[in-house]
Chemist: 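Got a structure for you, questions after.
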Amino acid sequence: MAMRNGSGRGGAGLVAMGVLVLLSGCASARFSAPEAALEASLSMESPAGQFRIEFAPGNEQDAARIQQAVTEALPRLERWGALLEPVTIKVMPDHASLEAAVRQHGYVWLRAWSRYDEVFVQAPSTWSLTGATQPQVNELLLHELTHSVMYQQSADRLGWSRKQIPLWFREGMASYTAEQAYRWVSLEEIARYFERSPESDPVGRPGDLYRDDSNLIYGVAHHAFAFLVRRYGEDSVRGLLREMKGGKEFPRAFEIAIGLSPDAFVRDFTRYVRWRGFRGGRIQPRASTPPT
């Protein structure tokens with residue numbers, strides 16, 4: 001996902017060696033996939049992580065913009081911890097090559113896909129007729145690298161895909177870190193969705209909505225994670241990651257770190273939205289007759 005940020009200049013000590021819908025995804029399993037020929041590369045190092053950017057000949061400018069975006073992202077990622085393993089960022093020449101590499105087809109809005117130590121990014125120059133702006137690229141990479149930090153802080157290379165981390169937490173944490181609330185539906189719009197579809201559960205069971213109504217699903221994820229942080233604090237989120245790193249899967253780790261089950265939290269958040277607790281005050285009943 002991406003847009004709006006571009007903050008956090010300096011402080012990362014990064015050294016180089018050698019309308020669009022900027023959404024992203026995160027894989028739930030490892031796989032090998034056919035990829036475009038990414039024959040060129042450059043490396044980056046910082047105290048917060050090591051990176052290798054691979055790209056096809058002709059995409060040098062795209063790779064340089066990705067490199068700048070990583071530099072911008074690192075200071076803001078550190079709130080969740082460092083990257084413990086090197087990350088390879090693969091700049092795919094176009095949307096078709098991105099879909100082929102990650103084996104996700106029919107997601108016309110997809111611009112990137114993250115795993116434990118890999119990030120696939122569609123070349124920013126191909127995001128639209130005019131390409132992407134640098135702030136848009138910065139936002140996308142901050143979102144994507146948040147996924148990798150989360151996976152590495154909660155698991156090892158073999159176990160990250162088996163932690164049962166729900167979509168609302170994965171995408172919510174990334175969107176929250178990249179400050180992307182402005183991109184998605186508001187809490188009021190989510191409340192109206194619940195009124196129209198009282199049997200739907202976009203938090204716990206997003207299903208096909210992830211493909212068909214990504215604006216809703218990413219908005220729900222963002223606001224659910226923001227609700228979690230407001231209620232329990234960022235330290236609790238870091239504690240949850242540590243519990244998973246210690247061997248627990250998400251449901252048990254969440255219960256230990258937060259103090260209630262994930263299902264109970266989802267019900268709590270859903271009630272908060274349905275009852276419009278975000279309005280900040282009790283709604284007074286309308287008077288049946290004008291005051292005398």
Chemist: Determine which pairs satisfy side-chain hydrogen bond (donor to acceptor under 3.5 Å, both in side chains) with at least one residue from residues 249-264, sequence neighbours left out, and list them in order.
Modeler: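 Residue pairs with at least one partner in residues 249-264: Q164-E249.
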Chemist: Do Q153 and W80 have side chains that get closer than 4.5 Å, going by heavy atoms?
Modeler: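 With C-beta onward as the side chain, the pair stays apart.
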Chemist: Using ring pair (Phe, Tyr, Trp, His ring centres under 6.0 Å), reason through F227 and F265 one step at a time and then give a plain yes or no.
Modeler: CA-CA 10 Å; F227 181 77; F265 171 80; 5.7 Å; yes
Chemist: Does G58 offer a backbone N or O that forms a donor-acceptor pair with the side chain of E60 under 3.5 Å?
Modeler: yes
Chemist: With side-chain hydrogen bond (donor to acceptor under 3.5 Å, both in side chains) as the rule and sequence neighbours excluded, what pairs involving residues 189-198 come up?
Modeler: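 Applying side-chain hydrogen bond (donor to acceptor under 3.5 Å, both in side chains) to every pair that reaches into residues 189-198, excluding sequence neighbours, yields S186-E189, E188-R192, Y193-S200, E195-R276.
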Chemist: How many angstroms lie between atom CD of Q136 and atom CZ of R65, to the nearest 0.5 angstrom?
Modeler: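 Q136 CD to R65 CZ: 8.5 Å, rounded to 0.5 Å.
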Chemist: Listed by chain and number, what are the side-chain hydrogen bond (donor to acceptor under 3.5 Å, both in side chains) partners of R79, not counting sequence neighbours?
Modeler: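 side-chain hydrogen bond (donor to acceptor under 3.5 Å, both in side chains) check on R79 returns E234.
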Chemist: For S125, what residues pass the side-chain hydrogen bond (donor to acceptor under 3.5 Å, both in side chains) criterion, not counting sequence neighbours?
Modeler: D62
Chemist: Are Q180 and H143 linked by a side-chain donor-acceptor pair shorter than 3.5 Å?
Modeler: yes
Chemist: Looking at residues at least two apart in the chain, or sitting in another chain, which of them share a ring pair (Phe, Tyr, Trp, His ring centres under 6.0 Å) with F55?
Modeler: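 So F55 forms no ring pair (Phe, Tyr, Trp, His ring centres under 6.0 Å) with any residue.
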Chemist: Is any side-chain heavy atom of F51 closer than 4.5 Å to a side-chain heavy atom of T88?
Modeler: no
Chemist: Check the side chains of Q152 and S148 for a donor-acceptor pair under 3.5 angstrom, ignoring hydrogens and angles.
Modeler: no
Chemist: Listed by chain and number, what are the side-chain hydrogen bond (donor to acceptor under 3.5 Å, both in side chains) partners of Y272, not counting sequence neighbours?
Modeler: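 Partners of Y272 by the side-chain hydrogen bond (donor to acceptor under 3.5 Å, both in side chains) criterion, ordered by chain and then number, come out as R230.
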Chemist: Whether R231 and D268 form a salt bridge (side-chain N of Lys/Arg under 4.0 Å from carboxylate O of Asp/Glu) is what I want to check.
Modeler: yes
Chemist: Identify whether the distance between the nearest side-chain nitrogen and carboxylate oxygen of R76 and E78 falls below 4.0 Å.
Modeler: no
